[in-house]
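One-based numbering, in listed order, for ligands and for the atoms of each.
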Amino acid sequence: MALAVGIRGLTRSLLRPWVRVPGPARGRTEPAAGGGDGVRCFGSPRVLVEPDPAAGFAVMKMRNPPVNSLSLEFLTELLISLEKLESDKAFHAIILTSDCPGIFSAGLDLMEMCGRDPTHYAEYWKAVQELWLRFYLSHLVVISAINGVNAAGGCLLALSCDYRVLADNPKYAMGLNETLLGIIAPFWFKDTLVNTVGHRTAERALQLGLLFPPAEALQVGMVDKVVPEDQVLSAARSELAQWLAIPGHARQLTKSLMRKPTADRLLKERDADIQNFVRFISRDAIQKALRVYLEKLKQKKT
Ligand SMILES: CCCCCCCCCCC/C=C/C(=O)SCCNC(=O)CCNC(=O)[C@H](O)C(C)(C)COP(=O)(O)OP(=O)(O)OC[C@H]1O[C@@H](n2cnc3c(N)ncnc32)[C@H](O)[C@@H]1OP(=O)(O)O
């Protein structure tokens with residue numbers, strides 16, 4: 001089986017060059033994330049970046065409606081935004097949030113894992129791995145301002161950040177709920193959760209596919225702070241000040257010290273992990289389970 005094209009090749013084939021604020025904000029000069037004037041937002045169709053270079057950070061807003069499901073194109077755009085900010089010395093931090101009301105992310109895009117061929121599954125999984133590795137190991141401070149429900153792959157993305165602020169709305173549950181779909185959280189999803197909440201909580205949460213409402217997410221340590229919904233971004237900004245006050249090289253090396261062993265586990269077995277995923281997701285029983293789950297999502301509307 002031909003394993004995935006590299007993410008950079010994928011990037012070239014999928015993405016238009018950087019575009020200035022597509023959609024409603026096109027061509028406008030918006031206030032920068034930290035309130036600075038005259039700094040233009042930039043981004044790609046599904047990721048809006050509001051830079052505040054004077055304050056050293058940017059707000060990255062996910063906008064892949066209706067539910068910010070992590071499609072291949074969306075993953076690629078997130079990676080490009082991250083790369084762009086990482087390669088600009090003006091930026092030391094990112095606040096990751098959603099532009100889709102009430103939804104942070106519905107996780108991996110089920111349409112990418114259903115009814116496609118093995119080459120596509122491999123390409124998709126390589127992009128999922130890449131997203132996790134890049135966010136998990138980013139030298140930037142990454143804080144997630146979680147302003148909506150946040151399932152599975154979306155939760156993984158938030159768990160890869162350095163700090164999580166969650167809006168206090170009982171509808172905004174978050175967790176790795178893979179087992180509810182009849183699938184399994186891969187070992188590196190599991191490791192990321194264990195590193196955040198500890199082994200016992202992770203064991204129970206993963207087996208039961210638990211989605212934690214804000215108070216419980218805070219109690220188990222899945223998030224670091226719960227604040228009223230209209231204060232998620234400002235709370236993330238306030239928290240950032242503490243992180244940015246630490247000498248960058250010391251903080252970055254410490255982050256790497258803490259996270260590299262976990263990332264290395266995947267890096268050592270990356271191709272095998274792709275092959276496992278492709279084998280697993282191609283099974284008739286798994287495909288059937290995903291179709292049933294998708295059907296249930298659609299039926300709940302009727
Ligand atoms: C040997 C071991 C080897 C191991 C190998 C690995 C195994 C595989 C690992 C795979 C890991 C998977 C990770 C994932 O992230 S799977 C995705 C999990 N996500 C969910 O369970 C969330 C599903 N969505 C919802 O619960 C709701 O949509 C949500 C609460 C987020 C929002 O509800 P709301 O009522 O606002 O919106 P709708 O439900 O009506 O949804 C709107 C439309 O969006 C579609 N949708 C929703 N979620 C997804 C998704 N994740 N992917 C694709 N599409 C999605 C939904 O069907 C609606 O579509 P239509 O408008 O067309 O009906």
Side-chain angles (χ1 to χ4, degrees), residues 3-4 46 62-75 78 98-116 118 120-132 135 146-160 166-167 169-193 205-214 265-266 269-302:
L3 284 189
R46 299 168 187 83
M62 301 186 285
R63 53 165 178 197
N64 190 26
V67 291
N68 277 336
S69 58
L70 297 163
S71 65
L72 186 55
E73 288 87 350
F74 186 32
L75 292 176
L78 282 165
S98 166
D99 205 36
C100 295
I103 313 274
F104 186 78
S105 170
L108 302 190
D109 194 319
L110 296 166
M111 307 308 284
E112 302 281 8
M113 301 190 286
C114 218
R116 312 293 285 260
H120 179 82
Y121 293 144
E123 182 181 15
Y124 182 59
W125 200 244
K126 184 156 188 167
V128 176
Q129 291 177 334
E130 188 70 21
L131 185 82
W132 176 70
F135 270 86
I146 307 163
N147 50 351
V149 61
N150 189 15
C155 176
L156 178 76
L157 186 56
L159 292 175
S160 307
L166 174 59
N169 181 328
K171 289 187 191 150
Y172 296 173
M174 82 182 254
L176 297 179
N177 63 324
E178 280 81 353
T179 53
L180 299 184
L181 288 72
I183 57 179
I184 304 165
F187 71 87
W188 40 285
F189 285 45
K190 180 267 295 173
D191 288 346
T192 312
L193 183 63
L206 285 168
Q207 288 196 49
L208 298 177
L210 296 179
L211 289 162
F212 294 88
R265 273 195 77 196
L266 176 61
E269 305 175 28
R270 213 169 160 178
D271 284 347
D273 183 65
I274 293 172
Q275 283 168 15
N276 278 340
F277 171 76
V278 174
R279 255 197 311 273
F280 180 83
I281 215 73
S282 303
R283 284 188 203 161
D284 287 346
I286 299 302
Q287 285 293 305
K288 188 170 172 210
L290 292 179
R291 280 198 302 274
V292 168
Y293 190 77
L294 268 166
E295 203 45 50
K296 270 193 200 148
L297 283 178
K298 291 184 193 307
Q299 269 169 12
K300 82 177 182 215
K301 286 181 182 160
T302 55

| request: Check ligand 1 against Pro66 and write out every atom of the ligand that is under 4.0 Å from a heavy-atom position of the residue. | output: 42 (C), 43 (C), 44 (O)

| query | Can you list the atoms of ligand 1 that are under 4.0 Å from a heavy atom of Ile184? | reply | 6 (C), 7 (C), 8 (C), 9 (C)

| Is it the side chain, the backbone, both or neither of Ala106 that has a heavy atom closer than 4.0 Å to ligand 1? | both

| Where the side chain of Ser71 meets the backbone of Asp109, is there a donor-acceptor pair that is under 3.5 Å apart? | no

| request: Enter the distance from Ser282:OG to Arg116:CZ here, rounded to the nearest 0.5 Å. | output: 12.5 Å

| field | Worked check of side-chain contact (heavy atoms from CB on, under 4.5 Å) between Asn68 and Phe74 | value | CA-CA 8 Å; Asn68 277 336; Phe74 186 32; 4.0 Å; yes

| query | Where the side chain of Tyr124 meets the backbone of Leu108, is there a donor-acceptor pair that is under 3.5 Å apart? | reply | no

| Can you list the atoms of ligand 1 that are under 4.0 Å from a heavy atom of Gly153? | 14 (C), 15 (O)

| task | May I have all residue pairs that pass side chain to side chain donor-acceptor pair (under 3.5 Å) and include part of residues 176-189, sequence neighbours excluded? | result | Trp188-Asp273

| Min N/O separation Met113 to ligand 1 under 3.5 Å | no

| query | Got an N/O contact under 3.5 Å between Asn177 and ligand 1? | reply | yes

| Which atoms of ligand 1 have any heavy atom of Lys298 under 4.0 Å away? | 57 (O), 59 (O), 60 (P), 62 (O), 63 (O)

| task | Number the atoms of ligand 1 from 1 as they appear, then name those within less than 4.0 Å of a heavy atom of Gly107, with their elements. | result | 15 (O)

| note | Here the atoms of ligand 1 under 4.0 Å from any heavy atom belonging to Asp109 are 52 (N), 53 (C)

| Going by an N to O cut-off under 4.0 Å, is there a salt bridge joining Arg270 and Glu130? | yes

| said: Return the closest protein heavy atom for atom 30 (C) of ligand 1 as residue, atom name and distance. | reply: Val149 CG1, 4.0 Å

| message | Please report whether ligand 1 has a polar contact with Leu181, defined as an N or O pair separated by less than 3.5 Å (distance criterion only). | response | no

| query | Of the choices Val67, Ile183, Leu70, which has the non-hydrogen atom that lies closest to atom 37 (O) of ligand 1? | reply | Val67

| Glu269 side-chain N/O to Ile274 backbone N/O, donor-acceptor pair under 3.5 Å | no

| said: Can you confirm, on distance only, whether ligand 1 has an N/O atom lying under 3.5 Å from any N/O atom belonging to Pro186? | reply: no

| message | Can you confirm, on distance only, whether ligand 1 has an N/O atom lying under 3.5 Å from any N/O atom belonging to Trp125? | response | no

| query | Can you list the steps and then say if Glu112 with Leu70 is a side-chain contact (heavy atoms from CB on, under 4.5 Å)? | reply | CA-CA 9 Å; Glu112 302 281 8; Leu70 297 163; over 6 Å; no

| For atom 39 (O) of ligand 1, what is the nearest protein heavy atom, given as residue, atom name and distance? | Lys300 NZ, 2.5 Å

| remark: To atom 17 (C) of ligand 1, the nearest of Leu108, Ile103, Ile274, Val278 on a heavy-atom basis is Leu108

| Ser69: numbered ligand 1 atoms lying under 4.0 Å from its heavy atoms | 50 (C), 52 (N)

